[in-house]
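The next block holds one structure in the form of structure tokens; read it before the comments.
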Amino acid sequence: MMNLKVVGQRIVCEESDIFASGQVSFATIQFDFSAEWDGLDKTVQFTQSGITYNVHLGTSNSAVCYIPSEIGDGTIRVSVFGVETGGSVIATTVPLRLRVRRSGFTDGKDSVEPSPSFYAQLLEEIEEKVEAAGGISAETCSEMIAKALADYIKTEDLEEIIATVISPITEEEIDTICTE
């Protein structure tokens with residue numbers, strides 16, 4: 001496991017590791033944040049070949065995440081952003097470059113299972129909170145979804161969010177999450 005320390009707007013590698021391509025839910029990175037990041041809702045971004053994969057870390061100042069399975073061999077950039085509730089503070093970092101090496105894995109398959117979308121990660125977190133609370137009202141659930149989306153909208157292009165996040169939401173998905 002690699003250990004990265006986020007201090008202010010800089011990511012420092014405290015413990016390195018070798019990453020091989022082709023992994024699924026295996027290679028992890030530990031993130032530890034300095035006090036400036038207290039209370040911010042954090043997301044790590046993995047960028048390779050112009051494509052960015054977001055992994056939500058939450059509000060804790062210590063979090064572990066998997067490297068997205070879509071990441072292949074080559075150079076990746078890792079950066080983090082954090083948003084304060086209400087969006088009055090948005091923290092960012094300078095990207096850290098990491099190398100992913102070609103694995104020796106050969107099974108004849110060219111693809112791996114995709115990592116969950118940012119939307120799917122938010123839904124999973126909300127479902128966990130609903131379950132932990134023993135169920136909540138639809139109004140509270142709606143407020144949680146609105147807050148999560150509002151924070152996300154502040155960091156992404158609105159048209160892209162409408163097309164890729166809001167439009168695909170079905171009534172069945174809302175009913176699954178927002179049950180009393």
(request) State yes or no: do I76 and L57 share one hydrophobic cluster built from I, L, V, M, F, W and Y residues joined by side-chain heavy-atom distances below 4.5 Å, directly or via other members? (result) yes
(request) Taking side-chain hydrogen bond (donor to acceptor under 3.5 Å, both in side chains) as the test, write out the residues that go with E36, two or more places apart. (result) S34
(message) Restricting to side-chain hydrogen bond (donor to acceptor under 3.5 Å, both in side chains), what partner residues turn up for T59, sequence neighbours left out?
(response) none
(message) Suppose we screen for ring pair (Phe, Tyr, Trp, His ring centres under 6.0 Å). Which residues come up paired with F33, at least two apart in sequence or across chains?
(response) W37
(message) To the closest 0.5 Å, what do you measure between OG1 (T47) and CZ (R77)?
(response) 5.0 Å
(message) Could you check whether any side-chain heavy atom of V44 comes within less than 4.5 Å of a side-chain heavy atom of C65, counting everything from C-beta outward?
(response) yes
(message) Does any part of the side chain of V6, heavy atoms only, come nearer than 4.5 Å to the side chain of D32, both counted from C-beta?
(response) no
(message) With heavy-atom distances below 4.5 Å as the criterion, would you say the side chains of E70 and Y53 are in contact?
(response) yes
(request) Using a 4.5 Å cut-off on heavy atoms from C-beta on, say whether the side chain of V64 contacts that of I29. (result) no
(message) I want to check something: taking the side chain as every heavy atom from C-beta on, are M2 and C13 in contact at a cut-off of under 4.5 Å?
(response) yes
(message) If I take atom CZ from residue F81 and atom CD from residue Q45, how far apart are they, to the nearest 0.5 angstrom?
(response) 5.0 Å
(message) If I take atom CE from residue M1 and atom OG1 from residue T28, how far apart are they, to the nearest 0.5 angstrom?
(response) 4.0 Å
(request) Check the pair L98, V100 against side-chain contact (heavy atoms from CB on, under 4.5 Å), reporting the backbone distance first and the verdict last. (result) CA-CA 7 Å; L98 300 177; V100 177; 5.7 Å; no
(request) I would like to know whether F31 and V78 meet side-chain contact (heavy atoms from CB on, under 4.5 Å); could you show each step before the answer? (result) CA-CA 11 Å; F31 288 90; V78 177; 4.1 Å; yes
